[in-house]
K.L.:
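My questions all concern the structure below.
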Amino acid sequence: MSRALLDDLRARGLIFQVAGEDELPAWLDGGPRTLYCGFDPTADSLHIGSLVPLLMLRRFQLAGHKPIALVGGATGLIGDPSFKAQERQLNTPDVVAGWVDKLRNQVAQFIDFDDSETCAEVVNNLDWIAGMDVLTFLRDVGKHFSINSMIQKESVKQRIEREGSGISYTEFTYMILQSFDFAELNKRYNCTLQLGGSDQWGNITGGIDLTRRLNGNQVFGLTMPLITKADGTKFGKTESGTVWLDPKRTSPYAFYQFWLGCADADVYRFLKYFTFLDVSEIEEIERADAENQGRPEAQAVLAREVTRLVHGEAGLAAAQRITEALFLGSIESLDENDLGQLRQDGLPASSISREEFPETLTQLLTDAGMASSGKQVKDALGRSAVTINGRAIGWENNADVATCFSPELALHGRFYLVKLGKKKYHLFEVSPASG
RNA sequence: GGAGGGGUUCCCGAGUGGCCAAAGGGAUCAGACUGUAAAUCUGACGCGAAAGCUUCGGUGGUUCGAAUCCACCCCCCUCCA
């Protein structure tokens with residue numbers, strides 16, 4: 001069973017490095033094992049960069065192991081320096097504590113809590129680090145670490161060697177805290193495997209060494225590759241910023257769109273990373289796409305699968321509903337309920353009364369968040385890239401908001417769907433002047 | 001504490017008295033082409049519809065005029081103690 005798991009992970013390209021590679025397969029075969037992966041609270045939500053490790057925990061659980069998701073209430077107060085070019089700004093304890101609560105819930109949705117032998121756990125390292133005093137830390141933990149080897153770690157090398165950067169003692173200590181987490185989870189839960197991104201290798205091996213020294217136990221580490229894109233740009237960012245897992249930050253619709261816009265060169269790889277579809281199934285999709293000229297199927301499958309994993313069936317349905325309405329169907333065909341529904345589903349929207357209309361369209365659309373400056377709106381208007389309920393608007397109409405939103409053009413008396421460029425939509429619900 | 005090097009518009013990075021809203025690159029936005037791709041080409045890219053207004057770590061000063069010169073302060077880095 002577990003060898004099959006490792007084979008599958010390898011086929012998916014999800015294994016970057018393994019600590020204890022020779023013994024790990026047999027160890028996993030020997031029964032349900034406990035493993036963990038840590039997530040630091042650096043914001044009130046995780047983003048899709050954390051998706052691979054989260055799904056990895058689930059993969060292990062499905063294969064009969066017990067996953068622990070660790071939320072770094074303590075480490076989040078320190079800041080991981082690994083491969084970071086600069087020292088990070090510290091967040092206040094109450095802010096971090098708030099984020100911990102959010103992440104707890106988020107992390108929990110990917111693993112099962114079923115009271116069985118493989119029941120998942122969510123833990124917070126603040127529970128065992130907060131109470132430790134400095135002397136205990138320095139004498140019982142710090143003594144096991146050699147500065148000589150710590151400064152050799154690739155993850156902090158650039159901070160130490162590169163001119164113009166530096167590292168504080170605080171961040172330098174991060175590795176020791178994470179190492180201690182592993183030893184502590186080993187003691188508490190008999191946890192014997194830590195997962196992490198490839199940037200975590202140094203921290204993970206640190207934990208393996210410490211666990212051996214402190215508990216006398218052999219434990220394992222496994223890292224996943226950095227997700228790259230064929231065009232060299234950073235994965236997980238879009239024009240509007242980071243793609244978050246929290247639907248309040250990134251709507252299911254926007255999330256769905258992100259995956260739908262995935263490059264051909266990346267999409268089959270991403271199917272292996274981010275879905276539970278069989279590798280053979282994915283290869284079949286690739287083959288079929290290659291045969292059919294024209295638009296590939298893979299993006300649609302990827303968007304569907306990942307959106308369902310993160311936002312559930314309802315979130316997926318909402319995302320697809322908007323997508324179909326905007327890109328496939330015609331807007332006029334939507335009835336009043338549909339338009340209200342789109343707004344519920346996460347299509348950007350706002351309400352405004354006629355008397356609140358600003359002087360210019362540039363002002364209105366900038367305020368609505370469709371563009372970051374009036375210049376962008378001006379540019380778009382000048383290229384007839386703006387439509388209101390399907391009618392093209394030009395720069396000459398800029399100062400004539402009332403005409404652009406004339407009552408005769410309204411859908412169902414109050415809705416105006418404004419399109420800027422090819423992909424940006426905003427629904428205005430206009431109420432008559434109330435006096 | 002001492003010596004030296006830095007802080008420029010989202011990022012990198014030019015600019016050392018007027019020609020600077022500030023080169024160049026990246027990112028981003030829009031157009032053409034397309035598959036709601038990629039690549040490429042074109043345009044925009046401090047704010048403002050415009051007149052105009054506000055930027056070059058901070059505060060004062062010199063000057064007709066300062067991102068550029070002076071003073072003090074803050075922050076970062078390197079080396080020494």
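Throughout, protein chains are lettered first and strands after them, A, B, ... in sequence-line order, and every chain is numbered starting at 1.
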K.L.:
Can you tell me, in whole Å, how much space there is between the P of U40(B) and that of C45(B)?
P.N.:
22 Å

K.L.:
Roughly how many Å is it from CG in L381(A) to P in A44(B), rounded to a whole number?
P.N.:
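Taking atom P of A44(B) as the reference, CG of L381(A) is at 16 Å.
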
K.L.:
Paired with C20(B): which nucleotide, if any, by Watson-Crick or G-U wobble criteria at under 3.5 Å for both distances?
P.N.:
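Base partner found: none.
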
K.L.:
Under 4.0 Å, counting only non-hydrogen atoms across every strand here, what does L420(A) touch: a base, just sugar-phosphate, or nothing?
P.N.:
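L420(A): backbone/sugar contact only, no base atoms under 4.0 Å.
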
K.L.:
Taking pairing as Watson-Crick or G-U wobble with both contacts under 3.5 Å, can you name the mate of G46(B), or confirm there isn't one?
P.N.:
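Looking at the geometry, G46(B) pairs with C53(B).
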
K.L.:
Atom CD of residue position E359(A) - does it have more than 12 heavy atoms of other residues, nucleotides or ligands inside 6.0 Å?
P.N.:
no

K.L.:
Can you tell me, in whole Å, how much space there is between the P of A51(B) and that of A38(B)?
P.N.:
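A51(B) and A38(B) have their P atoms separated by 36 Å.
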
K.L.:
Give me the distance, rounded to whole Å, that separates U63(B) from C70(B) when you measure between the C1' atoms they each carry.
P.N.:
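Taking atom C1' in both U63(B) and C70(B), they lie 12 Å apart.
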
K.L.:
Using the salt bridge (charged side-chain N to carboxylate O under 4.0 Å, His left out) rule, collect all pairs that involve residues 103-112 of chain A, keeping only residues at least two apart or in two chains.
P.N.:
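Listed once each, the pairs would be none.
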
K.L.:
Can you tell me whether the side chain of Q376(A) and the base of U28(B) have a donor-acceptor pair closer than 3.5 Å?
P.N.:
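There is none.
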
K.L.:
Got a sec, which residues hit side-chain hydrogen bond (donor to acceptor under 3.5 Å, both in side chains) with T362(A), two or more places apart in sequence or on another chain?
P.N.:
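T362(A): side-chain hydrogen bond (donor to acceptor under 3.5 Å, both in side chains) contacts with T360(A).
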
K.L.:
Write down the partner of G4(B) under the Watson-Crick or G-U wobble criteria, each distance required to be under 3.5 Å.
P.N.:
C77(B)

K.L.:
Give every residue pair that meets the side-chain hydrogen bond (donor to acceptor under 3.5 Å, both in side chains) criterion with at least one member in residues 170-185 of chain A, sequence neighbours excluded.
P.N.:
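Matches after skipping sequence neighbours: D40(A)-Y174(A), N125(A)-D181(A), W128(A)-D181(A), R159(A)-E171(A), Q178(A)-Q194(A), Q178(A)-Q200(A), Q178(A)-N203(A), E184(A)-R188(A).
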
K.L.:
Rounded to whole angstrom, note down the C1' distance from C33(B) over to A39(B).
P.N.:
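Per the computed distance, 11 Å lies between those C1' atoms.
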
K.L.:
Under the salt bridge (charged side-chain N to carboxylate O under 4.0 Å, His left out) test, which residues partner R354(A), sequence neighbours left out?
P.N.:
none

K.L.:
Return the pairing partner of C41(B) with a 3.5 Å limit on both distances, Watson-Crick or G-U wobble; otherwise return none.
P.N.:
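G31(B) is the nucleotide pairing with C41(B).
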
K.L.:
Would you mind reading off the distance between D379(A) atom CG and A30(B) atom P, rounded to a whole angstrom?
P.N.:
9 Å

K.L.:
Below 4.0 angstrom, which residues in residues 383-401 of chain A have at least one non-hydrogen atom near RNA chain B?
P.N.:
R383(A), A385(A), W395(A), N398(A)

K.L.:
Look through every strand shown and name the nucleotide pairing with U9(B) as Watson-Crick or G-U wobble, where both distances are under 3.5 Å.
P.N.:
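Across any shown strand, U9(B) pairs with none.
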
K.L.:
Could you tell me whether E359(A) contacts a base, only the sugar-phosphate backbone, or nothing, with contacts defined as non-hydrogen atoms closer than 4.0 Å?
P.N.:
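Nothing, no heavy atom under 4.0 Å.
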
K.L.:
State the pairing partner of U63(B); accept Watson-Crick or G-U wobble contacts with both distances under 3.5 Å, and report none otherwise.
P.N.:
none

K.L.:
Tell me, which pairs form a side-chain hydrogen bond (donor to acceptor under 3.5 Å, both in side chains) where one or both residues lie in residues 386-402 of chain A, sequence neighbours left out?
P.N.:
D400(A)-T403(A)

K.L.:
Calculate the interatomic distance between Q299(A) atom CD and A38(B) atom C1'; express it in whole Å.
P.N.:
11 Å

K.L.:
D289(A) has an atom CG; how far is it from atom P of A37(B), in whole Å?
P.N.:
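For the pair D289(A) CG and A37(B) P, the rounded distance is 17 Å.
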
K.L.:
Return the value, rounded to whole Å, for the distance between atom CD of Q257(A) and atom C1' of G35(B).
P.N.:
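Atom-to-atom, Q257(A) to G35(B), this comes out as 13 Å.
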
K.L.:
Between R295(A) (CZ) and G35(B) (C1'), how many Å, whole number?
P.N.:
5 Å

K.L.:
Sequence neighbours left out, what passes ring pair (Phe, Tyr, Trp, His ring centres under 6.0 Å) with F357(A)? Give chain and number order.
P.N.:
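Ring pair (Phe, Tyr, Trp, His ring centres under 6.0 Å) check on F357(A) returns F405(A).
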
K.L.:
Could I get a table of every N or O pair under 3.5 Å where one atom is in the protein and the other is in nucleotides 46-48 of chain B?
P.N.:
unit_1, atom_1, unit_2, atom_2, d
G48(B), OP2, G374(A), N, 3.1
G48(B), N7, K375(A), NZ, 3.4
G48(B), O6, K375(A), NZ, 3.3

K.L.:
A66(B) and U8(B): how far apart are their C1' atoms, nearest whole angstrom?
P.N.:
14 Å

K.L.:
Please determine, for the side chain of K378(A), which listed nucleotide (U36(B), A37(B), A49(B)) has the closest atom?
P.N.:
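Per side-chain heavy atoms of K378(A), the pick is A49(B).
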
K.L.:
Rounding to a whole Å, what distance do you find between D367(A):CG and A49(B):C1'?
P.N.:
14 Å

K.L.:
L364(A) has an atom CG; how far is it from atom C1' of A49(B), in whole Å?
P.N.:
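For the pair L364(A) CG and A49(B) C1', the rounded distance is 14 Å.
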
K.L.:
Would you please confirm or rule out a distance under 4.0 Å between OP1 or OP2 of G35(B) and any side-chain N or O of K423(A)?
P.N.:
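No, K423(A) has no side-chain N/O under 4.0 Å of OP1/OP2 on G35(B).
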
K.L.:
So, the side chain of D44(A) versus the backbone of K102(A): is there a donor-acceptor pair under 3.5 Å, distance only?
P.N.:
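A pair under 3.5 Å: no.
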
K.L.:
Pick the C1' atom in G6(B) and in G15(B), then give their distance to the nearest Å.
P.N.:
16 Å

K.L.:
Establish whether the base of U34(B) is bridged to the side chain of K422(A) by a donor-acceptor pair shorter than 3.5 Å.
P.N.:
yes

K.L.:
Can you find a pair of side-chain heavy atoms, one from R343(A) and one from E429(A), that are under 4.5 Å apart?
P.N.:
yes

K.L.:
Could you give the distance from CD1 (I78(A)) to CG (L177(A)), rounded to the nearest 0.5 Å?
P.N.:
6.0 Å

K.L.:
Would you list the atom pairs, donor with acceptor, under 3.5 Å between side chains in residues 48-55 of chain A and any protein atom, with sequence neighbours excluded?
P.N.:
none

